[in-house]
Amino acid sequence: MAIKIFFPTSCSAAENGLLIGRWLEEHRSAVILATLQFPFIPANVKEYLGQLEQVTGMSLSVLGTWSHSKAEADEKMENFLGELSRIFRHSPWLRMARESTSKFWDCRIERLEDGASEDVVLVYYDQMKVMLSELHSASEHSEIAAMFNTVAKNQLLFANDKYDEGPVKLTHWQSEGMEASIIVELMKQASVPVCAVLSFFVAVITAICSLRVLSGKPLSFLWNKLSTCEQLGKRLENLHVISRPEKAPDHPAFMRKASIVLSLLIDVVLGVVLMSWLYQGNRLGQLANALMPVADRVALELQGLLQWLMGAPAGLKMNRALDEVLGRFFMYHIHLWISYIRLMSPFIEVILWYIGLSACLGLSVALSILSDIIALLTFHIYCFYVYGARLYCLKMHGLSSLWRLFRGKKWNVLRQRVDSCSYDLDQLFLGTLLFTILLFLLPTTALYYLVFTLLRLIIIVVQGVIQMTIDLLSTVPFYALLLRLCRSYRLAAGVKFQMLEQKSGKPLRLLMQVNINPLPYGQVLETYRLPSRRCYPKDSWGSLCKKLFFGEVIYPWKQKKNKQQ
Amino acid sequence: MSPVLQNPNSELYTSVRCGASAPPDPASAPPDPASDPPRWKKVLYERQPFPDNYVDRSFLEELRKNIYVRRYSYWAVVFESAMVIQQLCSVCSFSVVWWYMDQDLLSPQKLCGVGLAFALLGYLLFDAVDSGAGRKECGRTRWDDLKSSLVFIAFTYGFSPVLKTLTESISTDTIYAMSVLMLIGHLVFFDYGANAAVVSSTVSINMAIFASVCLASRLPRSLHAFTMVTFAIQIFALWPSLQRKLRAYTPRTYICVTFHFALFSVAGLLSISGVGAFLFFLLLTSVAFICPYYLIRLQLFKDNIHGPWDEAEIMEDLSRFLD
């Protein structure tokens, strides 16, 4: 196996000196981080490397010598460099030499364990990109991952400036001062007090929310049902995450924090834009005036639908008496609803005005309030649906158990199966009488159930679309997308090698390109997606259809989660 | 009095012996290795000089034919068929009574009175026939009977207005078809005393009740519906249990009752339709007299074989060997 030497491109013009880096024993490759220029005192060098190791936790060593001869080979220098190998006892010992006349570098390896001379592959890398990029889709122990890790951990090494007066003089990549601009510094300084204020604020709100009065039985039920409360709780949690004073421990946590900050900002900006649009002119009043007729109209349409159902809809064989009873019952409900809306109508504009203020908390909060308003305005449909479903469910269960009685069977609860059973004559008679009655009344109930279930499903779909928009706003990793767009090397999917020159007897030279393989957008979304607290419907389409068929009430999904707990 | 004479060793159905002329039992006779060729034995634990699929001539010696066949006597079978006659007549008279009610020729009060009288009479007979032995055996008290009858009457009366409007919007033909299907089902599943899988007295009674509820919902008033359902209970649920007792204790009375019942239902049908009555009469005659004769004739063609072998039967699912 050939020995690979990773060499930073920024060091290729350095003066003669020592190579400082790390030897990866399991991969048989050397990662060179910097070159050390003359003059130096060997003891100082060792001390400096020891200090670095204490901070980074990764041992660096002097791997070999580096000579860069401008003109012809210098015999004395050669000898001096040879002498150095006795002072720094690292094995293997590299001797790299670059002659300005030749394209090819000379690379010799001494003190290998097995003694055999091996092929050498020289890989050039861009130190800044390797340091800043986060390698995805590479296994934990691969060579490239180890190399990236080595470079990233020794960030401290690159922090000292080449004009600094120190005990050692190093050549490596240096930032050009962009990152250390004054605005960034100021923001960094300001973030600490801001975080402290935010966390105090969050703590106060959390304390208020956890008061016993508010988490009592009737109110907590209400909080669970309103999606606004859920959204506010989620935002509070986000604030709690980003106001933590300590630094993010690793890359995913950092990305998450940054994405949350960005999505909060975008959300609030969109909300403010919406609010400014709403409060311009008399838009709110127009909206309020439009809302009431819509609610009225929905009620009227429902009335028409019920009247149609009370006739003989589509020539179906309905039981006239039951049909009339059900129809009148639902009509009375609509009558109640209309009078309630009439009562509300003078106040609706004021209510809307105050609700509109909440848009400054973010677009997602405004949207969840809209979803709640829709839920409240269609409460009568929900009631109809629940009545219809309960009645239908009762009928289906009655019919299924009476059908077993009809066949002389019964459901054995202990064994979870259908057993045969001998019934008394009066049981048989009563069972069959009820069975007949239920069977002939089933089409009427089923039709009412079907119509109201369809209405309910339409509302659920509308609310689902709103929920999905909110979810999209709060889970899309904006920061990761921004990085992918502007600094694509920061999120690398892998690396690509480009062969420079090859000549027999001389080491193969490769150029490693980090930014050639950036992460695709889909994978960025998948990797850095913020966790969503919404619980999606866990059951499949099949089980949903089964539930609809047996008339089980399909609540809003969050209720089911509570039930499962 | 058993209707069936069972005699497996009679002259007519003698067991037939096939194969060679009675060789000695292979298990008892010791093999003679010196002179004879080795004799085949029906064992698996010994190594024998025969191929695996070898079948010895002694194999068919134990073949028997028609050992479980029964001999029927004609009049016993006719007596048994009386149950079928009774059930056919029940269905027929129920339909006739319904027709009279539907045409408003029979007032519900009259039917109710007659039904009540017959029910009381039957109740007294039910205990008198076996002088209370059956009642002691199953442990039902008179209080239980009273409770059951109260449940019947209360629920039927309570539900009769619902019954009247139940099938208003459904077409009459549908109701007729459903009732006919249900009544045929009642006849098919009825427990005539045969030991078969389809027999289920529960399903049979339920189907009859279903049919009666369907038909009752077509009647003009709710009192009609109430009377009709009560009558159905009497004729389909109570009457067969009385019949069973009569048949067990006083067969002569039973035959007499069956004859009169058949006569009554044919007469009732005659008052509606002559052709129907004639066809029904033909049906009854064929069930009572022609079918038993045919059954006995067919016994001559019976050809069952029995032997010491097991029938090949695939017990487990072998589909896993297929691929």
Side-chain angles (χ1 to χ4, degrees), chain A residues 308-328 391 394-395 398-412 418-448, chain B residues 138 140 144-171 174-175 178-179 182 185-186 189 191 199-217 225-226 229-230 232-234 236-238 240-241:
Chain A
W308 177 69
L309 282 178
M310 279 165 76
L316 285 173
K317 312 281 188 222
M318 313 264 285
N319 188 284
R320 191 179 42 79
L322 181 68
D323 202 20
E324 214 149 279
V325 168
L326 283 178
R328 280 197 192 147
L391 206 60
L394 204 73
K395 255 184 198 177
L399 268 181
S400 68
S401 62
L402 287 176
W403 170 241
R404 282 196 285 270
L405 180 135
F406 192 87
R407 293 177 302 146
K409 304 269 168 74
K410 69 164 183 187
W411 176 251
N412 190 335
V418 175
D419 280 348
S420 58
C421 168
S422 68
Y423 290 97
D424 287 343
L425 191 60
D426 41 356
Q427 285 172 331
L428 283 183
F429 169 70
L430 262 188
T432 312
L433 193 68
L434 284 177
F435 178 77
T436 320
I437 292 172
L438 285 186
L439 189 70
F440 283 113
L441 294 187
L442 183 68
T444 317
T445 329
L447 187 71
Y448 273 86
Chain B
C138 65
R140 266 184 83 87
D144 287 339
D145 291 342
L146 187 65
K147 225 162 47 178
S148 288
S149 48
L150 274 181
V151 165
F152 282 138
I153 291 170
F155 273 90
T156 318
Y157 195 75
F159 276 120
S160 55
V162 179
L163 292 185
K164 199 185 70 83
T165 59
L166 193 62
T167 58
E168 249 174 9
S169 56
I170 298 175
S171 96
T174 317
I175 294 295
M178 212 184 309
S179 311
M182 286 290 160
H186 166 74
F189 290 112
D191 183 10
V199 170
S200 161
S201 57
T202 314
V203 174
S204 150
I205 288 180
N206 282 334
M207 283 180 139
I209 295 174
F210 191 93
S212 70
V213 171
C214 285
L215 286 179
S217 66
F226 167 70
V229 174
T230 323
I233 291 287
Q234 284 166 359
F236 289 124
L238 302 179
S241 53

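Computed from a prediction, not measured in an experiment: that's the story for all the values here. Below, read A as the first sequence line, B as the second, and so on, with proteins coming before strands; counting in each chain starts at 1.
Contact count versus chain B (heavy atoms, under 4.5 Å) is highest, among A/L322, A/L405, A/D426, for A/D426. Ranked by non-hydrogen atom pairs under 4.5 Å with chain A, the options B/L166, B/I170, B/V213 are led by B/L166. Considering only heavy-atom pairs separated by less than 4.5 Å from chain A, the leading option among B/V203, B/I205, B/V229, B/N206 is B/N206. Here B/T167 is the residue among B/V151, B/T167, B/V162 with the most heavy-atom pairs under 4.5 Å with chain A.
Relative ring orientation between A/F435 and A/W403 is described as parallel, the plane-to-plane angle staying below 30° on a 0-90° scale split at 30° and 60°.
Within the 4.5 angstrom heavy-atom criterion, atoms from both the backbone and the side chain of A/L425 approach chain B. The part of B/F159 that comes within reach of chain A is its side chain, from C-beta onward, which places non-hydrogen atoms under 4.5 angstrom from that chain.
Side-chain atoms of A/E324 and A/R328, non-hydrogen and from C-beta on, do get closer than 4.5 Å to each other. Proximity of B/P240 to B/F236: side-chain heavy atoms (C-beta onward) are nowhere separated by under 4.5 Å.
Note that the NZ atom of A/K395 and the CG atom of A/L441 stand 4.5 Å from one another [nearest 0.5 Å].
Shown here is A/R320, whose CZ atom has no more than 12 heavy atoms of other residues, nucleotides or ligands within 6.0 Å.
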